[in-house]
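Just below is one structure, and these are the notes that go with it.
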2 protein chains.
Amino acid sequence: MANIQQVAREAGVSVATVSRVLNEQDTVTTKTRIKVEDAIKKMNYEPSMLGRNLRNSESRILLILIPKISNPFYFEIIKGIESTALSHNYNILLCETDSNPARENIYFDLVKKKMADGIISMDPAVNMETLTELSKTHAIIQCSEYAPNSGIPYVTIDNEEAAYRAVKHLISIGHEKIALMNSDDKFLYARQRKKGYQKALEEHSISINEDYVCRADELGFEYGQHAMKKILSLKDRPTAVFAVSDLLAIGALKEINSNGLQVPNDIAIVGFDKIDFSNMTHPTLTTIGQPMYQMGTIAAKMLMNKIKGETVESVVLEHELVIRESTSG
Amino acid sequence: MANIQQVAREAGVSVATVSRVLNEQDTVTTKTRIKVEDAIKKMNYEPSMLGRNLRNSESRILLILIPKISNPFYFEIIKGIESTALSHNYNILLCETDSNPARENIYFDLVKKKMADGIISMDPAVNMETLTELSKTHAIIQCSEYAPNSGIPYVTIDNEEAAYRAVKHLISIGHEKIALMNSDDKFLYARQRKKGYQKALEEHSISINEDYVCRADELGFEYGQHAMKKILSLKDRPTAVFAVSDLLAIGALKEINSNGLQVPNDIAIVGFDKIDFSNMTHPTLTTIGQPMYQMGTIAAKMLMNKIKGETVESVVLEHELVIRESTSG
DNA sequence: TTGAAAGCGCTAACAA
DNA sequence: TTGTTAGCGCTTTCAA
C-alpha cells in the first residue's frame, strides 16, 4: 500500500504538496495538482486515517450509548445521528451497554484513549457520576434521558406534557379507571410521565388508585405482558392502560388478547414512542410520537459543536399524540 | 492529557520501559514496574490508541455491513460479533447500507483508509464485484448471505433444507395449497428457499401453482401485508403461507386478521428467523430458528483470523423448526 | 533489564 | 506557490 512519500516522489513534489491536494487547499497550482492527482491514481493511493488522526489528534468517531440495540425506539434517532455524522466525516460507534456498568466503562475508556471524540448517551441507566466527571474533559451530550443539573447538554421532549395529553385523551373518551404502566422511578422520564398522568387525573378530580400504578422492570414486551397479568387480576379492573413505551403496550395487548378480552372495547391502550411495530399490531396502537430523527440530527450537531469547543444549549422538542385503533374501536 | 514521555520522566525511566509496562511484558523488574504504575496513576495517564494504532498500523475496528438496522434478524448476530470482538480488544462499527451502493462505498473506503481492519458483510444486496475485488487486499467475511464462488469465506445455514422442512411441516398437517412469500430471486437465499419449497411439494406430488408464488420487494411488514392482500384476492385461495422472513409473516398475519379471517384455522402461517417479536403476535408464529448468536461469534472469529493472515474455512450451521400457534390451532 | 533512537503516515509552521 | 522539517504518541530493534 502506497504512502504519501511515494506519491510525492512519483509526482515529483514534496509530501506537503500532496497533503495540500488531499485537503483541497487552494494554494496549489492547477498544473501541480494534476501531477499529484495523476500520481495518486497511478499508485492507487489511499490516505491513511491512522496517520492523519494521530497528527490531528482526533479519531473522527462518535460513540453512541444505548441500553439495548433491539429497542426500536432508538432506530430513527440513530439514523439521524448517523447521517448527520457521515456528512461531517464522522463515523459512529454504536455501543450497547445492557445497562451494565462494566460494559459502560469499556466504552468510556474508548474516549479516554482517544479512540472516540465524543459521546451521545441515550442510556437512562448510565452512571451519572462517571458521566458528569467525564464531561469535564470530554465532549458529551445526552439524548432523550437526561440529568437536569449535570451541566451536560441534552435534547429531549416534554415527557410530563406528553403523558398528560395521553391520559387526557383516555379521559376524553370516557375512561376514569386508567392504569399507568411505568418503568422504574429512578429514571427521570418515568417520574415525569407519572407526573403527567397524575396531573391529568387530578384535573378531572379522579382520585389515584395505587393499584393502577405499576412498574415494569424493563422495557420489553415480556415485561408488559407480565405487568398486564397483574392488572387483569385486580378485582376492580381498569378500563384503560397508559404504558410508557410501545413495547410494554404491545405486551399488554398480547396479554389482553390471550385472556379473550378485546381492545379497545374491554380495555383501551395508549403506548409511547410510535415505533414501527405500533402500527402492525391488531388493533393498531394509539401512541405518543417523538421526533426521533430530528432528535438524532440535533444531538449529533450539538456533539460536533461541543467537540469544536463551542458552548451548546439544551433543546426540548415537540411531540404528538397519534390516535389509532387501540383507543377508538 | 499526559503522554508517555511525561510518564517516563515522572517515573525516572525511558518511554520504552513505560511501553513495556503498558503491554505487560515480563522483562520489567517488579521494582521499576511499580515505579511506572505509580507514575501512571499519579498523572492520570491513559495511553492514546491513536499513537499505538499508527505504530501498529491497525485500527482494531471491525466493520459490519447490514441493510437495515431495524431488521430484528440481525440483533443477535450483532451481539455475537460484538462480544467476541470486545473480548479480543476490537470494536465494531455498525454500518447500515440501506442497500445503497453510494453508502456502501463510504464504508468500503473506511477499510481502504485503514480506519477499519476488516469487514463482515451481511447485506444480501452488496455489490459482489466490489466486495470480491476488495477481498484481495483486505480481510472480508460474509455472514448469512454469501456468494459461493467469490472466494470470500462465509458462515450461513442450509436455506434449502430449512425451507423444505417448513413446507413439509405444513403438508404434514394437511395443507396442499401452500403459498410462498419470497423475496427477490436475485438473492441466493431466496433461490435456495424456493428450491426447498418446490422440493417439498414435488415430493408429495403437489403441483406448483404459480399464482401461489409471490415476491415482496423488501423484508418489512408492509411488504408482507401487501403481498398477502394479493394472495387473499385469488379465486382459489391457499390454506397456508410460508414466508421467508418473520417480518413478512407478521405483515401477512395482520392482513389476514384485518380481513376477518383466522390463523391458523382459515390460513396457517410459517415464518423464518425466529425474531423476538414472532412470539408476541396473536397467534404466535411457527418459524425457522437460526443460531444467530453463534453465527455472529463464528463470523467474528473468522474475521479476526483472516486479519492475522490465516486461511479460514466457510461454515454451515444447523437450524431448527419451531412449531407454535400459527400452525397448530 | 533498560535506554536510545528510528519510524509508522500524516499535517502545518516556517522558510524560500 | 512549494519545500523542509518537526512532531503527533506510540512500539520495537538494537545496543549497552
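Residue numbers start from 1 in every chain, and the chains themselves are labelled A, B, ... in the order their sequence lines are given, proteins ahead of strands.
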Could you please name the option among [options] that lies closest to any side-chain atom of [X]?
X	options	value
A:Arg52	D:dG9, D:dG3, C:dC10	C:dC10
A:Ser48	C:dC10, C:dT2, C:dT11	C:dC10
A:Thr32	D:dT2, C:dG3, C:dT11	D:dT2
B:Arg55	C:dC10, D:dG3, C:dG7	C:dG7
A:Pro47	C:dC10, D:dG3, C:dA4	C:dC10
A:Val15	D:dT11, D:dC8, C:dT11	C:dT11

Output the rounded distance in Å from [atom1] ([X]) to [atom2] ([N]).
X	N	atom1	atom2	value
A:Arg60	D:dC8	CZ	P	21 Å
B:Lys31	C:dT1	NZ	C1'	12 Å
A:Leu22	C:dT11	CG	C1'	10 Å
B:Ile4	C:dA4	CD1	C1'	14 Å
B:Leu54	C:dG7	CG	C1'	9 Å
B:Glu24	D:dT11	CD	P	12 Å
B:Asn3	D:dG7	CG	P	13 Å
B:Gln5	D:dT11	CD	P	12 Å

Can you tell me if the side-chain N/O atoms of [X] get under 4.0 Å from OP1 or OP2 in [N]?
X	N	value
B:Thr27	C:dT1	no
B:Thr17	C:dG3	yes
A:Asn23	C:dT11	yes
A:Thr29	D:dT2	yes

Can [X] and [Y] be counted as having a side-chain donor-acceptor contact under 3.5 angstrom?
X	Y	answer
B:Thr156	B:Tyr189	no
B:Tyr74	B:Ser144	no
A:Ser59	A:Asn53	no

Check your understanding: Does B:Leu50 or B:Ala16 map to a spot on DNA chain D nearer the 5' end, using the closest nucleotide for each?
Key -> B:Leu50
Exercise for review: Ignoring hydrogens and angles, answer whether the base of D:dG3 and the side-chain atoms of A:Arg20 contain a donor-acceptor pair closer than 3.5 Å.
Suggested key: yes
Review point. When the nearest nucleotide of DNA chain C is assigned to B:Gly12 and to A:Gln25 on a heavy-atom basis, which residue is associated with the more 5' position?
Key: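 Its nearest nucleotide being more 5', the pick is B:Gly12.
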Exercise for review: Using heavy atoms to find the nearest nucleotide of DNA chain C for B:Asn56 and B:Arg33 separately, return the residue whose nucleotide is more 5′.
Suggested key: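 Final value for this comparison: B:Arg33.
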Point to revise | Partner of B:Phe108 by side chain to side chain contact (heavy atoms under 4.5 Å, CB included), out of B:Leu63, B:Ile119, B:Ile140 | key: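 Output: one option passes, namely B:Ile119.
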Exercise for review: Return the minimal non-hydrogen interatomic distance between A:Glu82 and B:Tyr107, and the atom names on each side.
Suggested key: OE2-OH, 2.8 Å
Check your understanding: Crowded around B:Gln25 CD? As in, over 12 foreign heavy atoms under 6.0 Å?
Key ->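 Count over threshold, so yes.
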